[in-house]
Amino acid sequence: MAMLGGRSDLFFPACMVIVGAHYLPFVFLYGMRLFAVLAALMTLVGVLLLYVPLVPSIAAGWFTGALLVVFAFLLKAFARSQDATPSSSGR
C-alpha cells in the first residue's frame with residue numbers, strides 16, 4: 001500500500017485510474033473509439049472518487065466491474081458489426 005500512503009479506502013479508485021489508463025493504447029492498437037470512452041469513464045470517475053470521496057470505496061469496485069461487463073457486450077457487438085461489413089480490399 002505504499003502507493004496510497006496507508007489509506008486503504010483509496011485502493012479501488014486508484015485501481016480505476018490505472019485500469020482506465022491501460023485501455024488508452026487499445027484505441028490505437030485496435031482502432032476502436034469505444035476503448036477511449038471506457039478509458040475516459042474509468043479514469044475520470046476514479047480521479048473524482050480519489051479527490052471527492054462521496055461514496056464508500058467498495059462502490060468504485062462494483063462500478064468498475066459493471067462498466068467492464070457493459071463494455072464487453074458493447075465492444076463485442078461493435079466487432080461483430082465490423083466483421084459483417086464488406087471490406088474495402090475488394091474480396
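Numbering starts at 1 and runs along the sequence shown.
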A.B. asks: Taking all atoms of both residues into account, what is the closest heavy-atom pair of Leu50 and Ala14, and its distance?
C.D. replies: CD2-N, 3.9 Å
A.B. asks: May I ask you to test the Leu38-Leu34 pair for a side-chain heavy-atom distance under 4.5 Å?
C.D. replies: no
A.B. asks: Step by step, would you call Met32 with Phe26 a side chain to side chain contact (heavy atoms under 4.5 Å, CB included)?
C.D. replies: CA-CA 7 Å; Met32 296 171 73; Phe26 291 11; over 6 Å; no
A.B. asks: In terms of hydrophobic clusters joined by side-chain contacts under 4.5 Å, are Phe73 and Phe78 together?
C.D. replies: no
A.B. asks: Is there a donor-acceptor pair under 3.5 Å between the side chain of Thr43 and the backbone N or O of Ala40?
C.D. replies: no
A.B. asks: Start with the C-alpha gap between Val17 and Met42, add the side-chain angles, then the distance that decides, and say whether side chain to side chain contact (heavy atoms under 4.5 Å, CB included) holds.
C.D. replies: CA-CA 6 Å; Val17 173; Met42 287 184 71; over 6 Å; no
A.B. asks: Side chain to side chain contact (heavy atoms under 4.5 Å, CB included) for Leu49 and Leu10? Distances and angles first, verdict last.
C.D. replies: CA-CA 8 Å; Leu49 291 175; Leu10 299 179; over 6 Å; no
A.B. asks: Would you call the rings of Phe35 and Tyr30 parallel, tilted or perpendicular if under 30° counts as parallel and over 60° as perpendicular?
C.D. replies: tilted
A.B. asks: So, do Phe12 and Thr64 sit near enough that their side-chain heavy atoms are less than 4.5 Å apart?
C.D. replies: no
A.B. asks: Between Met16 and Phe63, is there a side-chain heavy-atom distance shorter than 4.5 Å?
C.D. replies: yes
A.B. asks: Same cluster or not: are Val47 and Leu24 linked, directly or through other Ile, Leu, Val, Met, Phe, Trp or Tyr residues, by side-chain heavy atoms under 4.5 angstrom apart?
C.D. replies: no
A.B. asks: Same cluster for Leu67 and Val69 if Ile/Leu/Val/Met/Phe/Trp/Tyr side chains link at under 4.5 Å?
C.D. replies: no
A.B. asks: Using side chain to side chain contact (heavy atoms under 4.5 Å, CB included), reason through Tyr23 and Leu68 one step at a time and then give a plain yes or no.
C.D. replies: CA-CA 11 Å; Tyr23 280 110; Leu68 289 173; 3.6 Å; yes
